[in-house]
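Just so it is clear: chains get the letters A, B, ... in the order the sequence lines come, proteins before strands, and each one is counted from 1. Note that the coordinates shown come from a computational prediction; the quantities given were computed from them, not determined experimentally.
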There are 2 protein chains.
Amino acid sequence: MEKRRADIIAEQLEERIFDGTFADGDRLDEARLAEQFGVSRTPLREALQRLARSGLVELIQRRGAFVRQPGPVELLEMFEVMAELEAVCGRLAAKRISDTALVHLDEANQKCQAAVEARDPDAYYSENERFHKIIYKESGNSFLETETVLLHRRLQPFRRQQLRLRGRMVQSMSEHTSILEALERGDAEAAASALRGHVAIQGEKFHSLMSTLKSAAE
Amino acid sequence: MEKRRADIIAEQLEERIFDGTFADGDRLDEARLAEQFGVSRTPLREALQRLARSGLVELIQRRGAFVRQPGPVELLEMFEVMAELEAVCGRLAAKRISDTALVHLDEANQKCQAAVEARDPDAYYSENERFHKIIYKESGNSFLETETVLLHRRLQPFRRQQLRLRGRMVQSMSEHTSILEALERGDAEAAASALRGHVAIQGEKFHSLMSTLKSAAE
DNA sequence: GTCAATATTTTTGTATACAAGAATGATGGT
DNA sequence: ACCATCATTCTTGTATACAAAAATATTGAC
């Protein structure tokens, strides 16, 4: 299953945007990049269109592709939507979740607990992701699931660093527990609001993180 | 502001998929279509990729582009998500909506009423759309707004016919009124659940429409 | 006649070539 | 010196050409 060059290039460009090689507003020169990747402009253009879809790049007619990092306002908006989507997943999952999924959820949660005790943010991060993805799936709505996963991925680079904040992992854990309990009780509204709060707080943390960075830079 | 050919072609292909010229599963031959549109394969391929992004077409490696109409199950899922997104817009808008927007909403609603009395589904449809789009915007979250508009558009062809169902316009009107009242009171939860119900019922109507079509075909 | 292996034809993916619009620099007038 | 207009250059958008993979047809063995 040989991958298309366009896909490989899209991934690599995505990485370079996230790691800061390309900053916000930079123009992505087709010819330059094509040479750099050792391909022609054709697959490179396809890659750019793909990035435009995920919102990382803005394609302007007859002018080219520009890196488009979401600003603080848009990020807050995205976090808000993420919180609401997770809340919806939770509300639906509370009514539809299977017993085995509840077991898996409990397992993921326990591994989270272990990661907290080991003070291992990376382990926590991956188990946390598993926890949330189970809930997306158990919403019983695969369209919702894919849309939620998509936004989750888009926010990933902005959320990861937050776990390093003092006390965040412990707090996150306790939120997980109340989410799990609500799902076990089948309490749709409780699950929804617990998840909403759990994610919304990330947006707020992000916000304060941003402003500290801002003021530190002055 | 000369449009790109790829965009024009994408629109036209989209139309042909909706109007049934291309059925589910059909392979879209690049060469044939390119000749038909009088362009080369390059812009046509770009158009196909665009359609793939909106989910109308599935691109399979080294095999081509295939029309991919959502089946009944996926449609129900999409309507469910639409209902939840509108509910979220409503919940946020209840807290954030401006007075002038409330006036505009009321105006749109009155025009809806007039359309009901004139038994004019087309007029109702367009005013109804205005009504909903005001709410999306007044959520105060432009990311949410664009995402919601996007899904709205994707469901448009499946929703339009429903207004012809007996009594649907009248019922829809009364739902509008309770939505408007909830927003005027600033009652977030009432607005959310009113909108959720208002949209969810479209999914259900669609479902029954589908099953009657199914049984009629047997 | 059926199946398998190979040859041929299509068709996709990529490279290159060309056309048209935008950005940039030069020229000339005031 | 400054601004407007025009020419040049650069870049995007499109067409054509080529390569590689898949689909199809053909041939031959059993």
- prompt: B/E46 CD to D/dT14 P: how many Å, rounded?
  reply: 7 Å

- prompt: Rounded to the nearest 0.5 Å, what separation is found between the OH atom of B/Y124 and the CZ atom of B/R168?
  reply: 7.0 Å

message: Nearest whole Å is fine: how far is C/dT12 P from A/R5 CZ?
response: 18 Å

query: Starting at CD of B/Q49 and ending at P of C/dT14, how long is that distance when rounded to a whole Å?
result: 10 Å

Check: protein-nucleotides 7-11 of chain C nitrogen or oxygen pairs below 3.5 Å:
unit_1: C/dT11; atom_1: O3'; unit_2: B/R27; atom_2: NH2; d: 3.4

B/Q49 and B/R53: side chain donor to acceptor below 3.5 Å: yes

- prompt: Expressed in angstrom and rounded to an integer, what is the separation of A/R41 atom CZ from C/dG13 atom P?
  reply: 19 Å

- prompt: Rounded to whole angstrom units, what separation is found between the CD1 atom of A/I60 and the P atom of D/dT11?
  reply: 16 Å

Nearest-Å distance for atom pair CG/C1', residues A/L28 and D/dG13: 17 Å

- request: Among C/dT14, D/dT12, D/dT16, find the nucleotide with the atom closest to the side chain of A/R45.
  value: D/dT12

- prompt: Under the side-chain hydrogen bond (donor to acceptor under 3.5 Å, both in side chains) criterion, do A/R159 and A/H152 qualify, and how do the steps go?
  reply: CA-CA 9 Å; A/R159 190 180 34 213; A/H152 181 92; 3.3 Å; yes

message: Pair B/D106, B/Q110 - check side-chain hydrogen bond (donor to acceptor under 3.5 Å, both in side chains), show working.
response: CA-CA 6 Å; B/D106 193 42; B/Q110 279 170 28; 3.1 Å; yes

- prompt: Below 4.0 angstrom, N of the basic side chain to O of the carboxylate: do A/R96 and A/E138 qualify?
  reply: no

message: Check this one for me: any side-chain N or O of B/S40 less than 4.0 Å away from OP1 or OP2 of D/dA15?
response: yes

task: Take the protein atom CZ of B/F66 and the nucleotide atom P of D/dA22, then report the distance between them rounded to whole Å.
output: 13 Å

message: Is it the case that atom CG in A/D19 sees more than 12 heavy atoms from other parts of the structure closer than 6.0 Å?
response: yes

- prompt: How many Å lie between CG on B/L44 and C1' on C/dG13, as a whole number?
  reply: 14 Å

